[in-house]
> 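Quick one: the structure is below, questions incoming.
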Amino acid sequence: MVKKTRERHARKAAALPGLDPEIIAKRKKRHLDELERSNYSEPTLLNTEGDGEPDGTTKGRARQTISDKRDFERPGRKKKSTMNIRTAVLYRKNLSTLIEESHIAEYPSSVPTYLTAVSPPPRYPPRLLCSICGYWGQYKCKRCDMPFCDRSCEEVHNETRCERRVM
Amino acid sequence: MRTAVSEFERGSCQYWMGVRKVLGAKFTLTLVLLLVTVTMMAGTNIIVLDNGASTIKAGLANSDYEHPRIIPNAVVRSKGDKATYIGHEFEQCQDHASLHYRLPFEKGLLVDWDAQKAIWDGLFSNQCLGINTTESSLLITEPYFNLPNMQEVYDQFMFEEYDFESYYRCAPASLIPHGNLFSEPDLPPAECILIVDSGFSYTHVVPLLHGSVVWRAVKRLDVGGKLLTNHLKELVSFRQWNMMDETYIMNDVKESCCYVSVDFRQDLEACRVNLQSNSIVREYILPDLTKDRRGRLRRAGETLAEIDQVLLMNNERFTVPEIVFRPDDIGLEQPGLAAVIAISISFLPQDLQGMFWSNISLIGGNTKFPGFRQRLIDDLRSLAPVEYDVSIVDCVEPITEAYRSAFAFATKSDGQLFKAVAVTREEYAESGSNASLRKFATSDWQAGGIDHSTSEAIQARPEEDRTPQLKKLSRTRSKTVPSTSTSRRR
Ligand SMILES: [Zn+2]
Ligand SMILES: [Zn+2]
């Protein structure tokens, strides 16, 4: 443990020795992934009763699709789906598998794709906002790199959020 | 519709002459297509389906122009109701607490076909649109840069499951030139259009030249309504009430309280003054789940009941939509929207760039935040070369603009325009997805950046598989599209 005075002194530096940038990058990535979630908590089994598994996977028994169960009356509908449709509905693939199987990564660089359409990183340095109250965050936590604005927010950070202890 | 018309555009007769030439060529093409298809015309329904990741906007061409059905593109489970609602059924949901969402879309792409099929089945059923798909045609939107393997699944669904007579699939922004956003009486549609489509999954910047998407200049910002709602959930849950499982409620809070700041510094200071009574803070009265009362913004002077739970919306009101303009605020290493637009324009022909700066419009639900348009203009002004005019054409209903443009396209010339580009059941039976690959080539990203004369050549070619075609396209791509090239003259 370092002494308080040194701690103060070191606070203003953007990156501190001992703070692995890889870990920070990983945490950021994890947080961004969390912001893409459709639900915060997965439902308990009780809640999905009659719905199959929430994530569309099977568990032992023969799987029923959602549309099989509800069976909407549609004029002119067919009785049986083709193999292509049954495959698409029954065997869900995750996004990275789908992208891999699309082979868009192998397209010549002259063809823009889902992968290359994303904007390049900005040229300006990131703006820091206090992770506790939202005001300018001119200091950074030496353990987890999250910005904060003053002593009181720092304390709240240390007690609740540091290294993502809460939430 | 247009509220701002650029001086630059008006003064540039050189460009208008270019437009006329191109339009002339296009018109001839349309006439030929009309002659070819006029004998095959039958009075079929065309269904217009803007298949968004958050909501589906759908209706029958000829009858539902102003009022498409708007249904959640989700299978929603309500704990309180102990019921599951599929798409259109959600309007029956009474208890909006802790809803569990199953969404067909993930990161802008359709990945859950089980959920999507159930929602489409319900949409086409007698409970909703009540259409016989086997006697109808379909115009459906697909994600920007939709994966080729996914496009095949779209094709399979439309012909093998729903058995449509014919269908056309394209990205939402490519339909905008057919709507009335950029049209003015007595003038041809704008030659250069730049659409910002900020939806649930992402924000795309999509330039269109002569009505076609310039795919090599399309840029994506990985910020959409889903991320913003989730970010707001986190802030509020940390600062006040735990709302992590309340996506539905927090989305309503976002839509009723949030705005885009035109002066972030000043607003941030204003919020510090007094947490309860500064000029920014608003109170959102959370829904009373025992009384079936929806949440709402507290009106000025409104007295609160004892049981009312209030959510204070202070700097959360503007720091959340701010992420569109400063993604770095949440650690996302992408430039803000204005910079993404500048990057997109830099991929366009030099002599036309001024036209794009002055013909921008905004579609998608995110653009509805108050202040969005003004902030974007301010940010763009600081990035645009001084000699260019920056203007944003006002879009009154950004959520349904793509739907209404699609509708206009489907009904134009008595449906002949649609008929010319749609793949028929017979064509699919004969050549499978190659049929749509060939026919949709003019609007698809895999043919990105090529002009119409080239894509016609592709259309006329006999069937071939994806690989040789791609090689061919990549050769043609490297050349830019001149607006006044001599090859375009009649
Ligand atoms: Zn603070
Ligand atoms: Zn920390």
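Atom set for the values below is all heavy atoms of this structure, side chains included, hydrogens, waters and symmetry mates excluded. Note that the structure is a prediction, hence the values are computed from the model and not measured. Here is how names work: the chains are called A, B, and so on, in the same order as the sequence lines, proteins then strands, and each is numbered from 1.
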> Does any part of the side chain of B:Lys117, heavy atoms only, come nearer than 4.5 Å to the side chain of A:Ser81, both counted from C-beta?
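A side-chain contact under 4.5 Å exists here.
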
> So, do B:Gln116 and A:Val89 sit near enough that their side-chain heavy atoms are less than 4.5 Å apart?
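The answer is no, as the side chains (C-beta and beyond) never meet within the 4.5 Å cut-off.
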
> Is A:Arg70 in contact with chain B via its backbone, its side chain, both, or neither, using a 4.5 Å heavy-atom distance?
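It is the side chain, since no backbone atom gets that close.
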
> Please report the interatomic distance OG(A:Ser131) to CG(B:Leu235), rounded to the nearest 0.5 Å.
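Interatomic distance, A:Ser131 OG to B:Leu235 CG, rounded to 0.5 Å: 10.0 Å.
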
> Using every non-hydrogen atom in the two residues, find where A:Ile132 and B:Arg239 come nearest and quote the distance to one decimal.
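Shortest heavy-atom contact: O-NE, 2.9 Å.
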
> Minimum heavy-atom separation for B:Gly130 to A:Pro75, with atom names?
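Heavy-atom minimum between the residues: C-CG, 4.4 Å.
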
> For B:Asn230 versus A:Arg37, what's the shortest heavy-atom pair and its separation?
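Heavy atoms of B:Asn230 and A:Arg37 come nearest at ND2-O, 2.9 Å.
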
> Which residues pass the side chain to side chain donor-acceptor pair (under 3.5 Å) test with B:Asp163, not counting sequence neighbours?
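For B:Asp163 there are no side chain to side chain donor-acceptor pair (under 3.5 Å) partners, ignoring immediate neighbours.
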
> Can you see which heavy atom on A:Lys28 is nearest to which on B:Gly331, and at what distance?
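What the structure gives for the nearest pair is CD-O, 4.1 Å.
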
> Report the distance from atom CG of B:Leu147 to atom CD of A:Glu101, rounding to the nearest 0.5 Å.
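It is 10.0 Å, given to the nearest 0.5 Å.
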
> What are the two closest non-hydrogen atoms of B:Lys107 and A:Tyr114, and how far apart are they?
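Closest approach of B:Lys107 to A:Tyr114, heavy atoms only: O-OH, 2.6 Å.
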
> Could you have a look at B:Gln334, B:Arg326, B:Lys219 and say which one has the most heavy-atom pairs with chain A under 4.5 angstrom?
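Between B:Gln334, B:Arg326, B:Lys219, the count favours B:Arg326.
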
> Does the side chain of B:Leu109 come within less than 4.5 Å of A:Leu95's, by heavy atoms?
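They are in side-chain contact.
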
> Decide yes or no for B:Glu106 and A:Glu36: does some side-chain heavy atom of the first lie under 4.5 Å from some side-chain heavy atom of the second?
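Counting from C-beta outward, B:Glu106 and A:Glu36 never come under 4.5 Å.
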
> How about A:Ile66 and B:Ile86: do any of their side-chain heavy atoms sit closer than 4.5 Å?
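Yes. Closest side-chain heavy atoms under 4.5 Å.
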
> Rounded to the nearest 0.5 Å, what separation is found between the CD atom of B:Gln156 and the CZ atom of A:Arg86?
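Rounded to the nearest 0.5 Å, the CD-CZ separation comes to 13.5 Å.
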
> Any chance the side chains of A:Ser38 and B:Lys226 put a donor and an acceptor closer than 3.5 Å?
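A:Ser38 vs B:Lys226: donor-acceptor pair found between side chains.
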
> Can you see whether B:Ser125 engages A:Glu73 through a side-chain donor-acceptor pair at a distance of less than 3.5 angstrom?
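Note: B:Ser125 and A:Glu73 side chains miss the donor-acceptor criterion.
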
> Would you call B:Glu333-A:Lys29 a salt bridge at under 4.0 Å N-O?
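A:Lys29 and B:Glu333: not salt-bridged.
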
> Are A:Trp136 and B:Phe264, when compared by the centres of their aromatic rings, separated by less than 6.0 Å?
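Yes, close enough.
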
> Looking at CG of A:Leu129 and CG of B:Asn315, how far apart are the two atoms once the value is rounded to the nearest 0.5 Å?
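It is 8.5 Å, given to the nearest 0.5 Å.
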
> Just to verify, what does B:Asp155 make a side chain to side chain donor-acceptor pair (under 3.5 Å) with, not counting sequence neighbours?
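Result, side chain to side chain donor-acceptor pair (under 3.5 Å) vs B:Asp155: B:Tyr167, B:Arg169, B:Ser433, B:Ser436.
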
> Can you measure from OG1 (A:Thr113) to CH2 (B:Trp445) and round to the nearest 0.5 angstrom?
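Spacing of OG1 (A:Thr113) from CH2 (B:Trp445) equals 6.0 Å.
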
> Identify the two heavy atoms, one from A:Ser67 and one from B:Asp121, that lie closest to each other, and give their separation to 0.1 Å.
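Closest approach of A:Ser67 to B:Asp121, heavy atoms only: CB-OD2, 3.3 Å.
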
> Are the ring centres of A:Tyr40 and B:His100 closer than 6.0 Å?
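When the ring centroids of A:Tyr40 and B:His100 are compared, they turn out to be at least 6.0 Å apart.
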
> Please round to the nearest 0.5 Å and tell me the distance separating atom CG of A:Leu32 and atom CG of B:Leu227.
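Taking CG in A:Leu32 and CG in B:Leu227, the distance rounds to 7.5 Å.
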
> Please examine the side chains of B:Pro148 and A:Ile104, heavy atoms only from C-beta on, and report whether any two atoms are closer than 4.5 Å.
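A side-chain contact under 4.5 Å exists here.
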
> Any side-chain heavy-atom pair from A:Arg92 and B:Trp113 closer than 4.5 angstrom?
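SC-SC contact between A:Arg92 and B:Trp113 ruled out.
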
> A:Leu98 versus chain B, heavy atoms under 4.5 Å apart: side chain, backbone, both or neither?
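When you check distances to chain B, atoms from both the backbone and side chain of A:Leu98 fall under 4.5 Å.
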
